[in-house]
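Input: a single structure, listed below in structure tokens.
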Amino acid sequence: MNDKIAAPKGVPEYLPPDSAAFLAIREALTRPAVLAGYGYIELPVFEETALFVRGVGESTDVVSKEMYTFEDRGGRSLTLRPEGTAGVIRSVIEHGLDRGQLPVKLWYAGPFFRAERPQHGRYRQLQQFGIEAIGSDDPALDAEVIAIADDGYRALGLTGYRLELTSLGCAGCRPAYREKLTAFLADLDLDEATQERARVNPLRVLDDKREQVRAQLTDAPLMLDNLCDECATHFAAVRTLLEGLDVKYEINARMVRGLDYYTRTTFEFVHDGLGAQSGIGGGGRYDGLMESLGGQPLSGIGFGLGVDRTFLACRAEGLDVAQQARVDVYVVPLGDEARRRAALIAASLRRAGVRVDLAYGGRGLKGAMKGADRSGAALTVVLGERDLEAGEAQVKRMSTGEQVAVPLDQLDQNIKEQLS
Ligand code: HAM
């Protein structure tokens, strides 16, 4: 006997019936973006490694520890995409999309790859739905992007999530703040590893969860109190617009994102029913990214929503987001001639847009009716020898058990009326 092969560690799979919920979630999250004029972009799943090193930042965990990097047969270093923003910007520059009307608005969805330690809600293959809007620093665009994510979660019926918001400043005001923070951290009693982190990226120390570190950070200077006038005005405008749109948010001035490109407005959606991996989505502005990847100096903003974690959040809230029924109609043929006719009836109804399955393999009435129950169909069409002789089929409404004989030439019409 050969050993069985399992899926790789940390890679979730979605099988029926869960996969219906997965698709419904992705669809619900996507809809508000399509309504706001975002166009679909299908991106490569792997890119040149340099794209992520330059785009996401060498000092981030995502790049330094979590990338799936490999050499192809031509000796090029390629990496399975750990996130979508860098790829979108690469594509916009490469294809000159930024030479047309601005902002360029795009959405994408699919798998991303991070070699993290797997746990509940933290996967090595993760699914995101994301949008990017490039080429305008209008605060109205920040509000639009955030509201699109909020609308998607709301459309699913989610209520147990919070939106956390902050501003990370810009290339003008952040260096001075960084110096201030570095000086503050230098005076603290921190272990060697944390001191090193403070040197590489002082902002990340603010997010330390350990009590002995947190206690020392109470009076740490915060970016939000050190914004330049332009950044402060921008942030105030975003807040006012969100309030106007009735999007609830909390300020989290200590928010730390795992990617280096963020500037100004930065946000995270956090769900309280998920345990440690509570971030169901996040994003922000990245006003220097395009230029750092060789494009023109255009600003941008976007988000990535975790479809896996949104799935878990819906489950935690007991939401039934998928249409449970697999089909609308189940056809039960009894006898050889009926089986032949059943296939034709099913094909004709499917062409008319009705979801149909049928009992295969000559099952008896009892077994076939069990299949009908399990399918979730609203109507079952029973086709016996005698029905065929009379030119009819029995159409049974599963919820009431009520059954009527319908002439075969009126079947499509009758079923469509009953389903509407
Ligand atoms: P991110 O915060 O790294 O941002 O990821 C976005 C979302 O993807 C997270 O909030 C989380 O829900 C989900 N996610 C991330 N890692 C995992 C994982 N290992 N397992 C399950 N879910 C995960 C980005 O990726 C940015 N590209 C978002 C963005 C777009 N910012 C601007 N534009």
Side-chain angles (χ1 to χ4, degrees), residues 8-12 14 22 25-26 29 33 38 41 43 47 51-52 55-57 60-63 65-68 80-90 92 103-134 141-142 144-146 148-149 152-153 158 161-164 168 207 255-271 273-290 293 299-314:
K9 215 172 130 202
V11 174
Y14 296 92
F22 178 88
I25 288 167
R26 205 174 54 187
L29 294 177
Y38 288 72
I41 180 166
L43 293 164
E47 296 266 6
L51 174 67
F52 303 115
V56 176
T60 60
D61 282 356
V62 168
V63 168
K65 299 185 192 153
E66 295 168 0
M67 294 211 298
Y68 283 99
L80 296 183
R81 58 182 187 185
E83 63 97 53
T85 312
V88 170
I89 301 297
R90 194 263 314 132
V92 166
V104 181
K105 291 168 135 190
L106 299 165
W107 73 270
Y108 53 90
F112 296 87
F113 306 87
R114 298 182 188 180
E116 299 198 75
R117 202 163 40 80
Q119 64 180 77
H120 182 67
R122 184 163 72 192
Y123 305 127
R124 291 183 170 171
Q125 177 175 307
L126 57 119
Q127 299 277 346
Q128 279 185 12
F129 154 69
I131 70 173
E132 313 293 347
I134 299 136
L141 197 56
D142 305 40
E144 172 180 289
V145 165
I146 294 171
I148 285 172
Y153 293 135
L158 284 170
Y161 68 91
R162 292 174 284 123
L163 163 61
E164 297 187 352
L168 294 182
D207 189 37
M255 184 190 305
V256 173
R257 302 274 295 130
L259 314 161
D260 270 357
Y261 47 62
Y262 290 113
T263 54
R264 290 197 166 174
T265 315
T266 306
F267 55 93
E268 243 167 24
F269 287 87
V270 179
H271 196 281
L274 295 187
Q277 305 305 315
S278 58
I280 55 172
R285 278 208 163 270
Y286 40 83
D287 291 346
L289 180 60
M290 185 134 172
L293 291 175
S299 58
I301 179 164
F303 62 59
L305 309 185
V307 182
D308 313 274
R309 288 192 193 162
T310 307
F311 176 89
L312 294 174
C314 289

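Indexing begins at 1, ligand by ligand and atom by atom, following the structure's order. Worth knowing before you read on, the calculation uses all heavy atoms, side chains too, and leaves out hydrogens, waters and symmetry mates.
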Item to check | Proximal protein residues to ligand 1, non-hydrogen atoms under 4.0 angstrom | outcome: Glu83, Thr85, Tyr108, Arg114, Glu116, Gly121, Arg122, Tyr123, Leu126, Gln128, Glu132, Arg257, Leu259, Tyr261, Tyr262, Gly279, Ile280, Gly281, Gly282, Gly283, Gly284, Tyr286, Gly302, Phe303, Gly304, Gly306, Arg309
Checklist outcome for this item: The salt bridge (charged side-chain N to carboxylate O under 4.0 Å, His left out) partners of Arg257 (sequence neighbours excluded) come to Glu268
Item to check | Partners passing salt bridge (charged side-chain N to carboxylate O under 4.0 Å, His left out) against Arg285 (at least two apart in sequence or in another chain) | outcome: Asp142, Asp287
Next on the checklist: Strictly distance-based, threshold 3.5 Å: is any side-chain N or O of Thr263 a donor or acceptor partner for the main-chain N or O of Tyr261?
Outcome noted: no
Checklist entry - Got a donor-acceptor contact below 3.5 angstrom from the Arg81 side chain to the Glu47 backbone? => result no
Item to check | Counterpart residues, side-chain hydrogen bond (donor to acceptor under 3.5 Å, both in side chains), relative to Glu116 (two or more places apart) | outcome: none
Next on the checklist: Could you report the tightest heavy-atom contact between Met67 and Val62, atom names first, then the distance?
Outcome noted: CG-O, 3.1 Å
